[in-house]
Enquirer: 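Dumping the structure here so I can ask a few things about it.
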Amino acid sequence: MLLLSRKPGQGIRIGSDIIITVKEVRGRQVRLGIEAPGEVPVYREEIYRAIQKANRAAAAPDESTQSIYDIFNKPKPESKPDNTEDQ
Amino acid sequence: MIVNTTRFGKLTIDEDKVINFPFGIPGFPELHKWCILTPDGQLGISWLQAVKDADVALLVADPDSLFPEYNAEIDERDLGPIGVTISPDNPEVPDLVMRVVLTVDRDNGVVTANLRAPIVFNIGTRQAIQIALRRGDYSVRETLTRPTEVAKATVNDGMEQLSVATGT
């Protein structure tokens, strides 16, 4: 990993088209400005990692595709109260 | 063209059903070509199958039928990679369709949806991208309390132009 120290107002250029600028440092938080071509996606790293993990779990091959459809077609059990509405 | 799939065997699909993800998806950045398979046209869920990796397929569903209050605020700038450029000279919004990735835990039947990072499809250009919403506090693993609702959803929002019915 390349380590660089920057002060507010200073920037880092990645390749020829991506520029990251340190806008402000306040306490333990750094505000960054990102300039990148429109076609390059930019993610917060921890979000990217979470999506990556979710996609890999979602894509894992399974023994039986039919068992997945059984879950979607199975009637909801009546025994337990529905207490999972916390969205 | 032939697409080998672990779940559905060897399929023959039209080239114009292949969807291009310019950056792949997180976890599979090297896989750019995908197709939408709808084994049972009745269900509101489909499989997003990687063309070049038979093992890789994700369940995707229309979020509106599962979470009526889902309000994904999509920044147009995030859609630049799939050919969406809205400007004063070009104010028309192209046909876009959104899907969310489902993860199924087959041991306990719990189904979760990734509401934080929906996949947006540009029907006209056959391109798509999975974007992380910049606003809102949606979960990457939002539990579906009623998975059977998906069975009742109909799919005719434009995605049928890209779907391949496999008839299994």
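Both backbone and side-chain heavy atoms feed into the values below; hydrogens, waters and symmetry mates do not.
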Enquirer: So which atom in B:Thr103 and which in A:Ala54 form the shortest heavy-atom distance, rounded to 0.1 Å?
Expert: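 Nearest heavy atoms, B:Thr103 then A:Ala54: OG1-O, 3.9 Å.
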Enquirer: Looking at residues at least two apart in the chain, or sitting in another chain, which of them share a ring pair (Phe, Tyr, Trp, His ring centres under 6.0 Å) with B:Tyr138?
Expert: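 Only B:Tyr70 meet the ring pair (Phe, Tyr, Trp, His ring centres under 6.0 Å) criterion with B:Tyr138.
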Enquirer: May I ask whether A:Ile18 and A:Leu4 are part of the same hydrophobic cluster, defined by side-chain heavy atoms of I, L, V, M, F, W, Y residues being less than 4.5 angstrom apart, directly or through others?
Expert: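 Shared cluster, yes.
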Enquirer: Given that the side chain runs from C-beta out, which part of B:Gln130 has a heavy atom under 4.5 Å from chain A: side chain, backbone, both or neither?
Expert: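 Both parts, backbone and side chain.
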Enquirer: Do the non-hydrogen side-chain atoms of A:Gln52 and B:Phe28 ever get within less than 4.5 Å of each other?
Expert: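 No, every pair of side-chain atoms sits at 4.5 Å or beyond.
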Enquirer: Between B:Ile82, B:Asp55, B:Val140, who has the most heavy-atom pairs with chain A when the cutoff is under 4.5 Å?
Expert: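 Max contact count across the listed options: B:Asp55.
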Enquirer: Look at the side-chain heavy atoms of Ile, Leu, Val, Met, Phe, Trp and Tyr, link any pair under 4.5 Å apart, and say whether B:Ile36 and B:Leu31 land in one connected group.
Expert: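 Yes, B:Ile36 connects to B:Leu31 through the hydrophobic network.
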Enquirer: Find out whether B:Arg116 and A:Ile51 are in side-chain contact, i.e. whether some heavy atom of one side chain is under 4.5 Å from a heavy atom of the other.
Expert: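 No, their side chains stay 4.5 Å or more apart.
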Enquirer: Measure distances from A:Tyr43 to the heavy atoms of chain B and classify the residue's part below 4.5 Å as side chain, backbone, both or neither.
Expert: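 Interface part for A:Tyr43: side chain.
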Enquirer: Identify the two heavy atoms, one from A:Ala58 and one from B:Leu58, that lie closest to each other, and give their separation to 0.1 Å.
Expert: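 Heavy-atom minimum between the residues: CB-CD2, 3.4 Å.
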Enquirer: Which one wins on heavy-atom pair count under 4.5 Å against chain A: B:Ala132, B:Gly83, B:Ser139?
Expert: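 Winner by heavy-atom pair count: B:Ala132.
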Enquirer: Considering non-hydrogen atoms only, spot the tightest contact between B:Arg141 and A:Lys53 and give its length.
Expert: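 Here B:Arg141 and A:Lys53 meet closest at NH2-O, 4.2 Å.
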Enquirer: Is it the case that over 12 heavy atoms from other parts of the model lie below 6.0 angstrom from the CG atom of B:Asp16?
Expert: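 Counting other residues, nucleotides and ligands, CG of B:Asp16 exceeds 12 neighbours.
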Enquirer: Pick one of side chain, backbone, both or neither for B:Asp105, based on which atoms fall under 4.5 Å of a heavy atom in chain A.
Expert: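 For B:Asp105, the backbone is the part near chain A, not the side chain.
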Enquirer: Could you grab the distance from atom CG of B:Leu48 to atom CG of A:Asn55, nearest 0.5 Å is fine?
Expert: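 If I round to the nearest 0.5 Å, the distance is 9.5 Å.
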Enquirer: Inspect the surroundings of CD in A:Gln29 and state if more than 12 heavy atoms from other residues, nucleotides or ligands are less than 6.0 Å away.
Expert: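 12 or below, so no.
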Enquirer: To check you understand the geometry: which heavy-atom pair defines the closest contact between A:Pro41 and B:Ile129, and what is its length?
Expert: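 Looking at all heavy atoms of both residues, the shortest contact is CB-CD1, 4.5 Å.
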Enquirer: Counting only heavy atoms from other residues, nucleotides and ligands, does the tally under 6.0 Å from CD of A:Glu24 exceed 12?
Expert: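 Yes.
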Enquirer: Check the surroundings of atom CZ in B:Arg134: do more than 12 heavy atoms from other residues, nucleotides or ligands lie under 6.0 Å from it?
Expert: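 Correct, the count exceeds 12.
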Enquirer: State whether the number of non-hydrogen atoms from other residues, nucleotides or ligands found under 6.0 Å of A:Arg31 atom CZ is greater than 12.
Expert: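 No, not enclosed.
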